Number of protein chains: 2
Amino acid sequence: MPTIRERNKRLIIKTACQVFADKGFAATKTSEIADKAGLPKANIYYYFKSKEALYRAVLDSVIEPLLQANSHIYEQDEPARALQDYIRAKIRISREHADASKVFANEIMHGAPHLSPQHREQLKAEANASVARIQGWVDDGRMAPVDPQHLMFVIWASTQTYADFDWQIMQITGRKKLAAQDYDAAAKLITDMVLKGCEVVPCEA
Amino acid sequence: MPTIRERNKRLIIKTACQVFADKGFAATKTSEIADKAGLPKANIYYYFKSKEALYRAVLDSVIEPLLQANSHIYEQDEPARALQDYIRAKIRISREHADASKVFANEIMHGAPHLSPQHREQLKAEANASVARIQGWVDDGRMAPVDPQHLMFVIWASTQTYADFDWQIMQITGRKKLAAQDYDAAAKLITDMVLKGCEVVPCEA
DNA sequence: GTCTATAGCTGGATAGAC
DNA sequence: GTCTATCCAGCTATAGAC
């Protein structure tokens, strides 16, 4: 029933995510979030008991989409297909959820001081499961014996860089805004490199 | 002969670099820098006119080491050797200058609001030169026709991640601190992947 | 549920003694 | 060149009218 409550909370979280991504937690003023959301500042505090509580809510909202890409590692049985889909999904996230990625990157870079123990465990569990899956393919002789952990780090880093460090990418490519073709080119190169590195043959499409 | 002046400035910049890397600019208190450096806060302001001026000094001190890795792209004529050395150098920087890397990453992630136009140009020029160099190898048929810009982004991202997101790496590897073998494993995997992706044969050593 | 006005504190910056 | 004491801006957070 509290449809207005939910709607406002969502609006505030969404706006806060943009500002936190842009400025970082400490540099963000609650008044700026309020202004961008078109609300008086006190309204923020009516819905969230503190700036930090709001930030935690943003972190929560951000983790689900970021973890969804992992599903491709499980749903596809063929290594080439799985890696290919995974990289594509990660690049899509960098494009469609750049703010979420930045908020998360910021949090991680500073040692995840606001991340709940539950979320830490969840992330670790997801990573470990993906690593185990890749190790399985290696053990079955279906791909070259790469270190699965470092393979994941490379995939994470090279896909997320298109969100987290988009400013640098735009500087160097000379773009005002990254376009579909840029993300496609990135996905292509990363996929190509990873598949060759793992010595698996690409799937069509 | 202001040897004491220089010594103190260096100490303050070095300490500030650590704290800025750990907390980010806005979350850093000058009192914390002072405490860690074993100085009263007013001393900081005797040497630097503001927190922001100190931060800019840190940024300045950080850029040189980060750019040095680029030299390998020019000094080596053979693509395989150059890329190999470049990746190794970048990984070494992630290990030896992790704080510098984090300060810089933070700055870039938020759109480089404190970076001087000179430094922006310098970074862009270095990047463009490296890209041109790689494009030259492609044109000469000495490596596969990869997109040189995206190749650089991948190398940057996957090497810097070992500094910027070391917390995550440690979480997943279960290490308390990354050791030589971790950086070696990373360098090996990244090099392997890049060389295969570029279709150049590795050099010995 | 909304908003104005303001309290209260944190932290950047400085005056001025040594 | 060093340091203590303090000032004051700007921010988070809230009281209280509507």
Side-chain angles (χ1 to χ4, degrees), chain A residues 1-61 103 106-107 110-111 113-116, chain B residues 1-61 103 106-107 110-111 113-116:
Chain A
M1 262 286 99
T3 181
I4 192 164
R5 189 175 185 85
E6 277 314 307
R7 204 161 45 94
N8 273 338
K9 283 188 83 168
R10 262 175 209 289
L11 170 65
I12 292 167
I13 287 178
K14 193 183 156 200
T15 311
C17 183
Q18 292 169 13
V19 183
F20 283 136
D22 190 37
K23 304 277 178 72
F25 175 74
T28 294
K29 304 174 222 181
T30 52
S31 62
E32 190 181 345
I33 297 173
D35 289 349
K36 279 213 174 158
L39 296 169
K41 192 175 62 170
N43 218 318
I44 306 280
Y45 286 93
Y46 175 70
Y47 289 109
F48 299 91
K49 82 165 185 299
S50 67
K51 178 183 172 182
E52 203 176 318
L54 170 56
Y55 178 71
R56 280 195 300 265
V58 169
L59 264 188
D60 281 355
S61 79
V103 170
N106 232 304
E107 179 67 14
H110 299 124
H114 302 276
L115 207 63
S116 70
Chain B
M1 275 305 98
T3 181
I4 192 165
R5 189 175 186 85
E6 278 314 308
R7 205 160 44 94
N8 272 338
K9 284 187 82 168
R10 264 176 207 290
L11 170 66
I12 292 167
I13 287 177
K14 193 182 155 201
T15 311
C17 183
Q18 292 169 14
V19 184
F20 283 137
D22 190 37
K23 305 275 178 70
F25 175 74
T28 294
K29 304 175 221 183
T30 52
S31 62
E32 189 181 347
I33 297 173
D35 290 349
K36 278 212 176 158
L39 297 168
K41 191 175 63 170
N43 218 317
I44 306 279
Y45 286 92
Y46 176 70
Y47 290 109
F48 299 91
K49 81 167 186 299
S50 67
K51 178 183 173 183
E52 202 177 318
L54 170 56
Y55 178 71
R56 279 195 301 263
V58 169
L59 264 188
D60 281 356
S61 79
V103 170
N106 233 304
E107 179 66 14
H110 300 123
H114 303 276
L115 208 63
S116 70

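All figures in this text were calculated on a predicted structure; none of them were measured in a lab. Just so we're on the same page: letters track the sequence lines, and every chain starts at 1.
- Distance NZ/A:Lys9 to CZ/A:Phe48: 5.0 Å, rounded to 0.5 Å.
- For the pair B:Arg5 and B:Tyr46, the cation sits on the ring face: its NZ or CZ lies under 6.0 Å from the ring centre, inside 45° of the axis.
- Straight-line distance from the CD atom of A:Glu52 to the P atom of D:dT12: 12 Å, rounded to whole Å.
- Note: CD1 (B:Ile33) to P (C:dG11) measures 13 Å, nearest angstrom.
- Of all the residues in residues 9-17 of chain A, not one reaches under 4.0 Å from DNA chain C with any non-hydrogen atom.
- Rounded to an integer number of Å, the gap from A:Tyr45 OH to D:dG16 P is 19 Å.
- Judged by a 6.0 Å distance limit and a 45° cone about the ring axis, B:Lys51 is positioned over the six-membered ring of B:Phe25.
- If you measure from atom NZ of B:Lys41 to atom P of D:dT2, you get 17 Å, rounded to the nearest angstrom.
- With rounding to the nearest 0.5 Å, the separation of CG in A:Leu59 from CD in A:Glu107 is 5.0 Å.
- Under 4.0 angstrom from either OP1 or OP2 of C:dG12 there lies at least one side-chain N or O belonging to B:Thr30.
- Rounded to whole Å, the distance from NZ on B:Lys23 to C1' on C:dG11 is 13 Å.
- As a whole-Å value, the separation of B:Lys51 NZ from C:dA13 C1' is 12 Å.
- A heavy-atom distance below 4.5 Å is not found between the side chains of B:Leu39 and B:Ile33.
- Atoms CG and NZ, from A:Leu54 and A:Lys49 in turn, are 11.0 Å apart once rounded to the nearest 0.5 Å.
- If you check C:dT2, D:dT12, C:dA15 against the side chain of B:Ala42, the one that comes closest is C:dA15.
- Of the candidate nucleotides C:dG11, C:dG1, D:dA13, D:dA13 has the atom nearest to the side chain of A:Ser50.
- Distance B:Ile44 CD1 to C:dG11 C1': 14 Å, rounded to the nearest Å.
- Within the 4.0 angstrom heavy-atom criterion, no nucleotide atom of any strand lies near A:Phe48.
- Checking C:dA15, C:dG1, D:dC11 against every side-chain atom of A:Arg5, the shortest atom distance belongs to C:dG1.
- Between A:Tyr46 atom OH and C:dG1 atom P the separation is 4 Å, expressed in whole Å.
- For the atom pair CD of B:Glu6 and CG of B:Asn8, the computed distance is 10.0 Å after rounding to the nearest 0.5 Å.
- Distance from the side chain of B:Asn43 is smallest to D:dT2 among C:dA13, D:dT2, C:dT2.
- Here the side chain of B:Tyr47 is nearest to one of D:dC3, C:dG1, D:dT2, namely D:dT2.
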